[in-house]
Amino acid sequence: MPAAGASPQRETVIILGATGSVGESTLDVLGRHAGRFQVYALSARTRMERLAAQARQHRAHVVVVPDDAARERFERAYGTDLPLPEIRVGDTTLAETAADPGGHTVVAAIVGAAGLPAALAAANAGKRILLANKEALVAAGGLFMSAARNHGAQLLPIDSEHNAIFQCLPVKTDAATACAASGVRRLVLTASGGPFRRCHWKDLEAVTPAQACAHPNWSMGRKISVDSATMVNKGLEVIEAYWLFGMSPERIEVLVHPQSIIHSLVEYEDGSMLAQLGQPDMRIPIAHALGFPDRLANGVGPLDLARHGRLDFEPPDYERFPCLALAYAALRDGQGACIALNAANEVAVAAFLEGRLPYTWISRVIEASLEWHGGQAEQALDSLDAVLDYDLRARRYVANLGLAA
């Protein structure tokens, strides 16, 4: 059977970052609704054998790989019994594929700033975007939201917290129209507290990557697991919420909720508070966004509140989680500070996972990058090139701290 292309009867989907946890969950949901969706394109950076298995199973029309060596690995893993999909090679083809008219919906799930050009290309192409890439908003929120508005892109968040807020806001067509003008007092993002919720920061010096990646509730990739442990991920989500929903920083709060059952809350001016509850399973927000405004079955079992018995809440401890406070400071300081925060965190987390940096130094590296930013001349960050240039400069500064491999 030849590789399938765009089907006029089905919605065509492009998944950027297909072999990560979000990509895998998306494909699981799509497989449950094969009559409604068709996988058009998949991308991956390292796991070529897994990408080949996904492309075979879902009859992808296009795959995107980083270089010729990856292409060869993909071809070997794919086999010869089925015709190969079109293989596009190189980072520039990611953005080209995101804008490809053959795909209607783009799932932006590439981790880190590397996913920004493709996400922006999807916005400029007026696509339906299921956004999991935090950096598109953290590093380029103004640029990305302007592109989405100007080109008629439909923006649907699939981070569990932002999807929960989206579900609790009044009638809307996408995140850009679910603004805070409808009597909203504040947004409350919940956080599990990660594996070190009860540990003092000074006792974490000897934490190993394995310990930091052992999230108590969610199954995630290594980088996002470390981000959850430091709670920098919650800080990035605060910045995302600022851009997605038009709320000022002082009206976006974080609440530690260890059970991860309530995914976020919206409080209204009349004192009413709406919450979205569900199992800690990414298929819930993904299925919601894929089917929106319809509700789709997603394979997640029912939530048994009686079995859980209790739901606990506590304010975040900024001494234990200094990265969260640094993210609020960056948001108040502006786009350049947010770029510096994200760049430093990516470099520092990579160094920690490679055994080159103690866990507790992640926040110190971020703080140093914000100090560096404070000494830079103000510049316009109103183009992708300007954003990427500033990101690169921040990474070079951090590398000069002795973190480069």
(message) To check you understand the geometry: which heavy-atom pair defines the closest contact between Tyr328 and Ile252, and what is its length?
(response) OH-O, 2.6 Å
(message) Closer than 4.0 angstrom, basic N to acidic O: yes or no for Glu49 and Arg76?
(response) no
(request) Take Asn133 and Val111 through the test side chain to side chain contact (heavy atoms under 4.5 Å, CB included) and record every step on the way to the result. (result) CA-CA 6 Å; Asn133 174 270; Val111 175; 6.0 Å; no
(message) Looking at Arg47 and Ala44, would you say the former's side chain and the latter's main chain have a donor-acceptor pair under 3.5 Å?
(response) no
(request) Salt-bridge test for Arg45 and Asp91: reply yes if a basic N is under 4.0 Å from a carboxylate O, no otherwise. (result) yes
(message) When you compare the side chains of Gln376 and Arg393, does any donor N or O come within less than 3.5 Å of an acceptor on the partner?
(response) yes
(request) Please assess His33 against Leu290 for the test side chain to side chain contact (heavy atoms under 4.5 Å, CB included), listing each intermediate value before the final yes or no. (result) CA-CA 10 Å; His33 301 276; Leu290 279 171; over 6 Å; no
(message) Looking at Thr93 and Gly90, would you say the former's side chain and the latter's main chain have a donor-acceptor pair under 3.5 Å?
(response) yes
(request) For salt bridge (Lys or Arg N to Asp or Glu O under 4.0 Å), just list the numbers for Arg71 and Asp67, CA-CA rounded to whole Å, side-chain angles, deciding distance to a tenth of an Å, and then say yes or no. (result) CA-CA 6 Å; Arg71 177 187 184 125; Asp67 51 39; over 6 Å; no
(message) Distance alone, cut at 3.5 Å: any donor-acceptor contact between the side chains of Thr97 and Arg88?
(response) yes
(message) So, taking the atom named CZ in Arg222 and the one named CG in Leu353, what distance separates them when rounded to the nearest 0.5 Å?
(response) 4.5 Å
(request) Show your reasoning for whether side chain to side chain contact (heavy atoms under 4.5 Å, CB included) applies to Phe37 and Val29. (result) CA-CA 10 Å; Phe37 300 101; Val29 174; 5.9 Å; no
(request) Could you tell me whether the side chain of Thr230 reaches within less than 4.5 Å of the side chain of Ser363, counting heavy atoms only? (result) no
(message) To the nearest 0.5 Å, what is the distance between CG on Leu384 and CZ on Phe144?
(response) 12.0 Å
(request) Using modelled atom types only, decide if a donor and an acceptor are shared between the side chain of Tyr242 and the backbone of Gly141 within a distance under 3.5 Å. (result) no
(request) Quick one: closest heavy-atom pair of Cys323 and Ile366, and the distance? (result) SG-CD1, 3.9 Å
(request) State the CD1-CG distance between Ile129 and Leu156, to the nearest 0.5 angstrom. (result) 9.0 Å
(request) May I ask you to test the Ser43-Ile110 pair for a side-chain heavy-atom distance under 4.5 Å? (result) yes
(message) Checking side chain to side chain contact (heavy atoms under 4.5 Å, CB included) between Leu131 and each of Asn163, Leu155, Asp159, which is the one that passes?
(response) Leu155
(request) Give, for atom CD1 of Ile165 and atom CG of Leu274, the distance between the pair rounded to the nearest 0.5 Å. (result) 12.0 Å
(request) Determine the minimum heavy-atom distance between Pro315 and Leu255, stating which atoms define it. (result) N-CD1, 4.4 Å
(message) Can you confirm whether Glu24 sits close enough to Gln54 that some side-chain heavy atom of one is under 4.5 Å from a side-chain heavy atom of the other?
(response) yes
(request) Give the intermediate values and the outcome of salt bridge (Lys or Arg N to Asp or Glu O under 4.0 Å) for residues Glu250 and Arg186. (result) CA-CA 8 Å; Glu250 62 271 13; Arg186 63 181 176 134; over 6 Å; no
(request) Report, as yes or no, whether the 6.0 Å neighbourhood of atom CZ on Phe74 holds more than 12 heavy atoms from other residues, nucleotides or ligands. (result) yes
(request) For Phe321 and Phe196, run ring pair (Phe, Tyr, Trp, His ring centres under 6.0 Å): C-alpha distance rounded to whole Å, both residues' side-chain angles, the deciding distance at 0.1 Å, then the answer. (result) CA-CA 10 Å; Phe321 300 113; Phe196 308 129; 8.8 Å; no
(message) Can you give me the closest heavy-atom contact between Thr26 and Ile15, atom names plus distance?
(response) CG2-CD1, 3.7 Å
(message) Please check: side-chain N/O of Arg320 versus main-chain N/O of Cys199, any donor-acceptor pairing under 3.5 Å?
(response) yes
(message) Please check this pair: side chain of Gln259 against backbone of Asp312, looking for a donor-acceptor N/O pair closer than 3.5 Å.
(response) yes
(request) Taking all heavy atoms of Leu324 and all of Pro316, pick out the closest pair and write down the distance. (result) CD2-CB, 3.8 Å
(message) Looking only at side-chain N and O atoms, does His373 offer a donor or acceptor that is under 3.5 Å from a partner on Tyr390?
(response) yes
(message) For a quick test of reading the model, state the closest non-hydrogen atom pair linking Leu42 to Leu51 and the distance between them.
(response) CB-CD1, 3.7 Å
(request) For the residue pair His257 and Phe313, categorise the inter-ring angle as parallel (less than 30°), tilted (30 to 60°) or perpendicular (more than 60°). (result) parallel
(message) Can you confirm whether the side chains of Glu205 and Thr360 place a donor and an acceptor under 3.5 Å from each other?
(response) yes
(message) Can you confirm whether the side chains of Ser272 and Asp270 place a donor and an acceptor under 3.5 Å from each other?
(response) yes
(message) A side-chain contact here means heavy atoms from C-beta on lying under 4.5 Å apart; do Leu82 and Arg59 qualify?
(response) yes
(request) Calculate, to the nearest 0.5 Å, the distance between atoms CG and CG belonging to Asp28 and Asn298 respectively. (result) 8.5 Å
(request) Decide yes or no for Leu169 and Val184: does some side-chain heavy atom of the first lie under 4.5 Å from some side-chain heavy atom of the second? (result) yes
(request) State, with a plain yes or no, whether a side-chain heavy atom of Val188 is found less than 4.5 Å away from one of Val266. (result) no
(message) Applying ring pair (Phe, Tyr, Trp, His ring centres under 6.0 Å) to His288 and Phe292, what does each step give before you reach the verdict?
(response) CA-CA 6 Å; His288 174 264; Phe292 184 81; 5.7 Å; yes
(request) Give a yes or no answer on whether the side chain of Thr12 reaches the backbone of Gly102 with a donor-acceptor pair at less than 3.5 Å. (result) yes
(message) What I want to find out is whether Lys134 reaches Glu161 closely enough, with some N-O distance under 4.0 Å, to be called a salt bridge.
(response) no
(request) Take Thr190 and Ile261 through the test side chain to side chain contact (heavy atoms under 4.5 Å, CB included) and record every step on the way to the result. (result) CA-CA 9 Å; Thr190 57; Ile261 296 300; over 6 Å; no
(request) Could you tell me whether the side chain of Met231 reaches within less than 4.5 Å of the side chain of Val254, counting heavy atoms only? (result) yes
(message) Using side-chain heavy atoms (C-beta onward) and a distance below 4.5 Å, is Leu143 in contact with Leu381?
(response) no
(message) Looking at Lys223 and Asp227, is there a salt bridge between them, counting it only when a charged N and a carboxylate O are closer than 4.0 Å?
(response) yes
(request) Without swapping roles, check the side chain of Asn400 against the backbone of Arg396 for a donor-acceptor pair under 3.5 Å. (result) yes
(request) Please check if the side chain of Asp391 supplies one atom and the backbone of Val387 the other of a donor-acceptor pair under 3.5 Å. (result) no
(message) Closer than 3.5 angstrom, by distance alone: can the side chain of Tyr397 be matched with the main-chain N or O of Ala344 as a donor-acceptor pair?
(response) no
(message) To the nearest 0.5 Å, what is the distance between CD on Gln276 and CD1 on Ile262?
(response) 9.5 Å
(request) Answer yes when Glu11 and Arg36 have at least one side-chain N-carboxylate O distance shorter than 4.0 Å, and no when they do not. (result) no
(message) For Trp372, I'd like to know if atom CH2 has over 12 heavy atoms of other residues, nucleotides or ligands within 6.0 Å.
(response) yes
(request) Indicate yes or no for a side-chain donor-acceptor contact from Arg197 to the backbone of Pro258 under 3.5 Å, with no hydrogens or angles considered. (result) no
(request) Salt-bridge test for Glu367 and Arg364: reply yes if a basic N is under 4.0 Å from a carboxylate O, no otherwise. (result) no
